[in-house]
Amino acid sequence: MRDGGNFATRLSARELTELLGRGRAVEYQPGDHLMRQGEEGDCVIVVRSGVVKVMSNDHSGGTRLLAVRGPGELLGEIACVDDGVRSASVLAQGRVSGVKIARSRFLEYLDDHPKAAREVTRQVSLRLRAAENHTAAMTSECVDIRVLQALADMIVVFVEDSSQPQVEIPLRQCELAHLATASLVATHRSLRRLCDRNLVTTRYGRVQVPCAICLNRAICSKTITGCGGSPECVSG
């Protein structure tokens with residue numbers, strides 16, 4: 001789900017430089033934890049490159065994918081501001097680089113930069129509003145539309161050049177089910193139907209979208225059949 005751009009782009013160049021200057025560079029390998037659910041909120045991290053998954057443990061002992069975040073995102077701000085514990089874990093999808101800023105230095109920065117403090121509040125509000133809108137949309141639409149919308153949202157995160165028609169989303173079907181607010185069985189059946197419509201193809205641990213243009217059109221029309229990646233497919 002989209003929430004109005006990332007944190008870094010909403011700061012001025014000076015504000016961002018001063019924030020990053022209060023931290024230290026960190027790097028993570030695929031699968032590394034940037035943050036763990038239940039731990040003290042002792043820092044925030046600004047993602048500089050790579051993609052992370054926000055995961056939550058449920059009451060049955062399983063994990064659920066809540067969101068996927070990319071470069072420019074601020075992570076861990078809620079636990080720092082409210083002096084609480086982490087409400088979710090953050091894992092590196094691939095190689096990730098960022099800047100880690102200690103809680104005390106982050107709070108000092110917010111005191112010194114009221115505009116940035118407002119942006120932190122705005123980010124929290126945007127994410128809560130996006131989550132509410134996402135839940136409403138995902139429970140009112142059919143599973144196929146929910147899966148298509150989840151894929152469209154992930155293209156924004158995973159694909160640097162959003163203009164390229166053929167894209168690949170490195171998520172498992174169970175993770176896509178979480179984002180689409182659907183059961184694994186319903187998501188699997190939906191992907192088969194979308195495959196029959198030439199809108200997606202599935203591989204182990206990933207979903208390929210032959211044409212992002214057709215995928216976005218299909219969100220608005222349940223009858224559209226994808227072009228399968230034809231170079232002649234253009235937006236219009």
Side-chain angles (χ1 to χ4, degrees), residues 1-6 9 30-31 47 49-55 63-73 91-96 130-131 133-236:
M1 58 194 132
R2 307 184 67 172
D3 54 20
N6 65 60
T9 61
V47 180
S49 66
V51 173
V52 300
K53 295 179 180 179
V54 183
M55 311 287 294
T63 58
R64 186 173 190 84
L65 178 62
L66 301 179
V68 180
R69 306 291 183 194
E73 297 285 8
L91 289 80
Q93 164 72 17
R95 294 185 63 181
V96 172
N133 293 340
H134 174 80
T135 300
M138 290 300 180
T139 53
S140 62
E141 297 286 359
C142 70
V143 176
D144 286 3
I145 298 300
R146 283 146 57 183
V147 170
L148 288 170
Q149 185 61 64
L151 289 171
D153 289 343
M154 290 302 98
I155 289 174
V156 176
V157 177
F158 282 108
V159 182
E160 293 184 6
D161 181 6
S162 59
S163 65
Q164 64 183 80
Q166 300 183 35
V167 298
E168 186 171 88
I169 309 300
L171 291 179
R172 296 173 294 162
Q173 290 189 21
C174 62
E175 295 173 324
L176 184 59
H178 295 160
L179 295 175
T181 318
S183 70
L184 178 58
V185 172
T187 301
H188 178 69
R189 291 173 177 169
S190 175
L191 287 171
R192 285 196 300 183
R193 290 192 294 270
L194 297 177
C195 284
D196 291 341
R197 292 169 59 189
N198 289 330
L199 291 169
V200 302
T201 58
T202 57
R203 298 289 185 270
Y204 181 75
R206 60 198 62 242
V207 177
Q208 295 176 329
V209 179
C211 180
I213 296 170
C214 289
L215 182 140
N216 281 289
R217 287 173 174 168
I219 294 174
C220 302
S221 174
K222 299 177 182 179
T223 61
I224 284 181
T225 298
C227 69
S230 170
E232 298 179 358
C233 185
V234 295
S235 59

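Position 1 is the first residue of the sequence, and the numbers go up from there.
Pairing each heavy atom of P71 with each of G50, the nearest pair is CD-O, 3.3 Å. Taking all atoms of both residues into account, the shortest heavy-atom contact from A150 to L179 is CB-CB, 4.1 Å. Annotation for N216 and A152: closest pair OD1-CB, 3.8 Å, computed over non-hydrogen atoms. When all heavy atoms of A182 and V143 are compared, the pair lying nearest together is CB-CG1, 4.3 Å. The two atoms that bring D144 and S190 nearest to each other are OD1-OG, 2.7 Å, heavy atoms only. Across every non-hydrogen atom of A177 and S183, the tightest pair is CB-O, 3.9 Å.
Contact annotation: the side chain of R203 approaches that of T201 to within less than 4.5 Å [non-hydrogen atoms, C-beta and beyond]. In this structure, the side chains of V200 and V147 stay at 4.5 Å or more apart for every pair of heavy atoms. Contact check for P30 versus Q93: no side-chain heavy atoms found under the 4.5 Å cut-off. Here the side chains of L148 and L194 are in contact, with some heavy-atom distance below 4.5 Å. In this structure the side chain of V54 reaches within 4.5 angstrom of the side chain of R69, judged on heavy atoms. Contact check for V68 versus M154: side-chain heavy atoms found under the 4.5 Å cut-off. Residues V51 and V157 form a side-chain contact, since some pair of their non-hydrogen atoms from C-beta on lies under 4.5 Å apart.
For the atom pair NE2 of H178 and OG1 of T63, the computed distance is 6.5 Å after rounding to the nearest 0.5 Å. A distance of 10.0 Å separates CG in L199 from CG in L151, rounded to the nearest 0.5 Å. Here the CD1 atom belonging to I213 is positioned 10.5 Å from the CD atom belonging to Q166, to the nearest 0.5 angstrom. If you take SG on C211 and CZ on R217, they are separated by 7.0 Å, rounding to the nearest 0.5 Å.
By the neighbour-count criterion of 12 heavy atoms within 6.0 Å, atom CZ of R193 is densely surrounded, having more than that number from other residues, nucleotides or ligands. Other residues, nucleotides and ligands place more than 12 heavy atoms under 6.0 Å from the CZ atom of R197.
Counting only N and O atoms by type, the side chains of T187 and Q173 include no donor and acceptor under 3.5 Å apart. Side-chain polar atoms of T225 and N198 form no donor-acceptor pair below 3.5 angstrom.
Electrostatic pairing of K53 and E175 counts as a salt bridge here, judged by a charged N lying under 4.0 Å from a carboxylate O.
Each of L171, D153, V167 was scored for a side chain to side chain contact (heavy atoms under 4.5 Å, CB included) with F158, with one residue passing: L171.
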Steps toward side chain to side chain contact (heavy atoms under 4.5 Å, CB included) verdict (M55, L91) = CA-CA 8 Å; M55 311 287 294; L91 289 80; 3.7 Å; yes
